[in-house]
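To start, the structure itself, in structure tokens.
Chain identifiers are assigned alphabetically (A, B, ...) following the order of the sequence lines, protein sequences preceding nucleic acid strands; residue numbering begins at 1 within each chain.
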There are 2 protein chains.
Amino acid sequence: MQIKSKFTAAVHILACIDIFGGQMRVTSDVLSGSTGINAVIVRNVLGQLRTAGIVETRQGSGGAHLAKALDEITLYDIYKAVDCVDDEGLFHFHENPNAECPVGRNIHRVMDGRLEAAQAALENELKSTTLAEVVADTRKMIDEE
Amino acid sequence: MQIKSKFTAAVHILACIDIFGGQMRVTSDVLSGSTGINAVIVRNVLGQLRTAGIVETRQGSGGAHLAKALDEITLYDIYKAVDCVDDEGLFHFHENPNAECPVGRNIHRVMDGRLEAAQAALENELKSTTLAEVVADTRKMIDEE
DNA sequence: GAAAGTTGAAATAAAGATAATTACAACTTT
DNA sequence: AAAGTTGTAATTATCTTTATTTCAACTTTC
């Protein structure tokens with residue numbers, strides 16, 4: 001079980017938009033080349049990031065741009081934007097517990113609060129880093145190569 | 001994307017073993033009946049819990065028993081036992097980032113530490129509740145019905 | 001305004017992961 | 001010996017994720 005690669009892909013994409021944005025038009029083809037991800041999938045991710053107000057793209061002209069300052073975009077914003085986790089939550093229950101069984105009909109409620117707390121802990125951690133840090137670290141690594 | 005239901009299933013199973021253990025032989029069939037999960041899958045989960053030293057089962061005789069005190073089993077122990085998350089970690093990277101691209105060949109390293117921290121936050125939260133609490137809450141809910 | 005290049009989006013296919021099912025040998029108890 | 005159970009392997013089904021194909025709508029440039 002893994003959180004879908006769309007999340008890390010989105011971070012990769014945003015880093016590229018910032019780092020290459022000055023030098024070239026960062027099209028879905030360019031991003032596909034850097035990430036190894038199919039260009040249509042890249043466009044889907046960009047679409048979700050656009051809906052979330054994180055990037056700007058336009059039909060025809062080509063080239064994505066950040067819609068916010070790097071330090072105003074957290075990893076959590078990206079994670080939310082690409083829908084890593086739906087409304088059901090990160091944890092999954094089996095659909096058919098037996099309502100005849102006293103444990104079966106209560107276990108969900110007993111667990112819910114605790115699982116939400118665990119998910120919140122993960123998400124809070126993601127809120128604590130911004131793209132600014134990620135890009136700064138990436139630039140540093142590139143310089144040190 | 002969701003953490004596989006084997007985790008919540010395992011918690012359900014363990015709660016049943018404790019709550020019904022006094023009254024009946026808790027076989028994989030009984031557990032299948034309460035959870036709605038196929039009996040073979042239940043046996044697989046029990047096998048993983050046994051390997052982790054959480055339950056005891058024996059061929060032939062039938063009926064699972066807890067191998068530890070309820071307050072010595074945390075949700076994290078169960079989560080680990082059933083292999084919700086493999087060695088690759090909770091977050092998933094696309095396999096083929098372009099090594100020619102300076103971002104492509106560095107982004108993984110940049111993100112790793114932060115993603116591990118997020119995963120650790122989730123796991124620490126799971127460490128903070130024991131089966132004793134889950135079972136106590138379940139019994140309370142049953143009594144209040 | 002035509003050509004070239006791009007985005008947005010839908011539909012379909014491929015690949016991978018999760019859960020269910022079938023089948024049966026090994027084991028315990030009665 | 002019979003009945004019931006576990007452990008395990010093999011297969012199938014279902015669902016999710018990712019890739020691919022296709023094309024209309026849009027911008028820019030010539």
> Can you tell me how far P of dA15(C) sits from NE2 of H92(B), to the nearest Å?
Replying inline: 16 Å

> Separation of N44(A) atom CG from dA19(D) atom P, in whole Å?
Replying inline: 11 Å

> At under 4.0 Å, does any side-chain N or O of R25(A) touch on OP1 or OP2 of dT28(D)?
Replying inline: no

> Considering only side-chain heavy atoms of R50(B), which listed nucleotide, dT8(D), dT28(C), dT18(D), is closest?
Replying inline: dT8(D)

>> Do the side chains of R105(B) and E145(A) get close enough for a salt bridge, i.e. N-O under 4.0 angstrom?
In response: yes

>> Over all strands shown, is G62(A) touching base, sugar-phosphate only, or nothing at heavy-atom distances under 4.0 angstrom?
In response: sugar-phosphate

> Checking all strands, does I37(A) fall into the base, sugar-phosphate, or nothing category for heavy-atom contacts under 4.0 angstrom?
Replying inline: sugar-phosphate

> Does T130(A) reach the main-chain N or O of E72(A) with its side chain, forming a donor-acceptor pair under 3.5 Å?
Replying inline: no

>> Looking at S5(B), I'd like to know whether one of its side-chain N or O atoms comes within less than 4.0 Å of OP1 or OP2 on dA19(C).
In response: yes

> Could you give the CD-to-P distance, from E56(B) to dT6(D), as a whole number of Å?
Replying inline: 14 Å

> Between R114(B) and E133(A), is there a salt bridge with N-O shorter than 4.0 Å?
Replying inline: yes

> With both distances under 3.5 Å as the test, what is the Watson-Crick or G-U wobble partner of dT30(C)?
Replying inline: dA1(D)

>> Using whole Å, what does the distance between atom C1' of nucleotide dG16(C) and atom CZ of F93(B) come to?
In response: 20 Å

> Between dG7(D) atom P and N38(B) atom CG, what is the distance in whole Å?
Replying inline: 15 Å

>> Strictly below 4.0 Å: does S28(A) bring a side-chain N or O up to OP1 or OP2 of dT7(C)?
In response: yes

> When the nearest nucleotide of DNA chain D is assigned to D29(B) and to I41(A) on a heavy-atom basis, which residue is associated with the more 5' position?
Replying inline: D29(B)

> Where the side chain of V40(A) is concerned, which of dA10(C), dT18(C), dT8(D) is the nearest nucleotide?
Replying inline: dA10(C)

>> Please compare R43(A) and R58(B) by the position of their nearest nucleotide in DNA chain D and report the one closer to 5'.
In response: R58(B)

> Expressed in angstrom and rounded to an integer, what is the separation of D86(A) atom CG from dT17(D) atom C1'?
Replying inline: 14 Å

> Are any of the side-chain heavy atoms of F93(A) and M111(A) separated by less than 4.5 Å?
Replying inline: yes

> To the nearest Å, how far apart are Q59(A) CD and dA24(D) C1'?
Replying inline: 9 Å

> Tell me: CG of L90(A) to P of dT16(D), nearest whole Å?
Replying inline: 15 Å

> With side chains defined as the heavy atoms from C-beta onward, is the minimum distance between V55(B) and I13(B) less than 4.5 Å?
Replying inline: no

> Just to confirm, is there a sub-4.0 Å distance from OP1 or OP2 of dG4(D) to any side-chain nitrogen or oxygen of T27(B)?
Replying inline: no

> Taking only side-chain nitrogens and oxygens of T57(A), does any of them come within less than 4.0 Å of OP1 or OP2 of dT7(C)?
Replying inline: no

